There are 2 protein chains.
Amino acid sequence: MNERHDTKTKILDAAEKLFGEKGFDATSLRDITTEADVNLAAVNYHFQSKDSLIEATIMRGAGPVNDKRLAMLDAAGPKPTIEQIVEAFVGPVLEQDFMPMAPLMARVLASPETMQRVFKQLIETMSRRFADAIGVALPELSPAERMWRLQFTAGAMAHTVTRGPVMRELFGGVLDFKDRKLLIARLVKFAAAGFRAPEVH
Amino acid sequence: MNERHDTKTKILDAAEKLFGEKGFDATSLRDITTEADVNLAAVNYHFQSKDSLIEATIMRGAGPVNDKRLAMLDAAGPKPTIEQIVEAFVGPVLEQDFMPMAPLMARVLASPETMQRVFKQLIETMSRRFADAIGVALPELSPAERMWRLQFTAGAMAHTVTRGPVMRELFGGVLDFKDRKLLIARLVKFAAAGFRAPEVH
DNA sequence: GTCTATAGGTTGATAGAC
DNA sequence: GTCTATCAACCTATAGAC
């Protein structure tokens with residue numbers, strides 16, 4: 001059951017890789033079972049449908065990342081600075097270059113349908129939790145401004161992950177992708193300054 | 001040839017609508033020809049393939065928007081402020097709610113493949129042009145930091161357009177989408193403050 | 001649990017009459 | 001330029017033997 005290379009795990013590994021590389025629509029179950037070296041029918045046995053497989057693949061990867069985000073937020077204590085909050089929000093996502101998970105996350109962020117279906121509750125939970133923390137750090141911001149700026153930050157983060165390959169190709173000469181710590185520091189600096197700006201009325 | 005409702009135009013109108021609503025992969029040529037009330041074979045007569053149709057649809061809409069962005073940048077004069085630059089960058093994109101073009105743009109921004117294939121040169125041109133303007137407004141920023149912050153801003157903008165419907169559903173109570181001018185002002189304020197932050201080293 | 005075989009449906013693209 | 005008819009290539013999902 002908990003074998004490292006059982007059929008179910010092999011399918012999830014292959015799905016994670018291929019969904020990330022080609023997207024959900026463009027990846028067929030045949031692609032996945034070929035890559036995983038298992039039989040086609042195994043997908044419908046272990047998962048009920050392609051949609052369920054997509055959901056399971058996302059959930060397996062997204063859980064740990066979001067746990068880490070919340071852990072970092074908690075670790076910052078009861079009165080975190082806006083820099084600490086932003087770092088907890090974007091750091092774990094931008095750090096995940098140890099796995100083929102990053103491209104998959106990018107696909108999720110880039111697919112309104114998938115996001116709607118699978119990610120809605122995760123996003124809602126995270127957004128409210130972080131918006132609350134920002135309310136403590138920057139009480140002078142209205143709830144609306146707070147949420148908008150959090151969404152702007154989420155967008156900058158998502159764009160960096162999603163469009164990484166394209167950006168690398170176009171601006172690889174000037175943009176450094178290898179130093180993740182520096183990249184995170186850049187985004188934290190940028191977003192924190194944005195959060196500290198006087199409110200628009 | 002320049003009739004308002006010729007077959008070619010009807011196909012492009014339907015494609016713009018449906019690609020925006022459902023995405024490129026999920027929209028079949030049959031969906032489009034049904035919506036346009038033209039024959040299926042007309043697509044392959046007027047355009048050669050589905051990919052060419054996608055490209056033509058994007059180009060018809062993206063041209064005017066990018067023209068407006070550059071026009072606003074020029075209108076700001078030889079020494080624009082960072083606020084003027086950001087507004088020229090994000091304003092025309094966030095303003096386009098007069099047409100079904102907005103969801104289509106969102107789909108393009110959300111599809112690495114399509115972006116890579118069709119949008120690369122457009123993005124490159126725009127990014128370099130705006131990065132140059134930022135160099136004038138904020139000469140103390142290094143070229144790398146300048147380009148990163150422009151990409152962060154592009155991400156915040158893209159996210160706002162792309163995830164609009166989801167955000168509206170989740171946070172519609174607190175986020176106001178109707179007042180576009182206010183939304184643009186919020187993003188300009190946020191991003192301009194980010195650009196003005198001291199550089200990371 | 002794993003396989004083969006196949007049902008049942010869709011798709012993009014084209015040939016050829018008009 | 002517009003149509004009908006159709007092809008060949010995919011797809012997801014399942015039934016049923018082992």
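Quantities reported herein were computed from a predicted structural model and do not represent experimental measurements. Letters A, B, ... are given to chains in the order of the sequence lines, protein chains preceding strands, and every chain is numbered from 1.
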Give every donor-acceptor pair under 3.5 Å between a side-chain atom in residues 150-160 of chain A and any protein atom, sequence neighbours left out.
unit_1    : atom_1 : unit_2    : atom_2 : d
Thr153(A) : OG1    : Arg149(A) : O      : 2.8
His159(A) : ND1    : Gln151(B) : O      : 3.2
Thr160(A) : OG1    : Ala156(A) : O      : 2.7

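Rounding to whole angstrom units, CG of residue Asp37(A) and P of dT2(C) are separated by 12 Å. As rounded to whole Å, 13 Å separates atom C1' of dC3(C) from atom CD1 of Ile11(A). In this structure, CG of Asn39(A) is placed 13 Å from C1' of dC18(D), rounded to the nearest angstrom. Straight-line distance from the NZ atom of Lys8(A) to the P atom of dT2(C): 11 Å, rounded to whole Å. One atom, CD1 of Ile32(A), and another, P of dC11(D), lie 11 Å apart when rounded to the nearest Å. Remark: C1' of dG1(D) and NZ of Lys10(B) are 13 Å apart, rounded to the nearest angstrom.
At the phosphate of dT2(D), OP1 or OP2 sits under 4.0 Å from a side-chain N or O atom of Thr7(B).
For residues 36-95 of chain B, every residue pair satisfying the ring-ring contact (aromatic ring centres under 6.0 Å, His included) rule, not counting sequence neighbours, is listed here: Phe89(B)-Phe130(B). Sorted by first and then second residue, the ring-ring contact (aromatic ring centres under 6.0 Å, His included) pairs involving residues 50-72 of chain A (not counting sequence neighbours) form an empty list.
Here the CD-CZ distance, from Glu145(A) to Arg186(B), works out to 4.5 Å after rounding to the nearest 0.5 Å.
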> Which letters describe nucleotides 7-15 of chain C, given B = protein heavy atom under 4.0 Å from base, S = only from sugar-phosphate, - = neither?
Replying inline: ----SBBB-
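Considering only residues two or more places apart in sequence or on other chains, Asp179(B) meets the side chain to side chain contact (heavy atoms under 4.5 Å, CB included) condition with Asp176(B), Lys181(B), Leu182(B). For Arg168(B), the side chain to side chain contact (heavy atoms under 4.5 Å, CB included) partners two or more places apart in sequence, or in a different chain, are Phe177(B).
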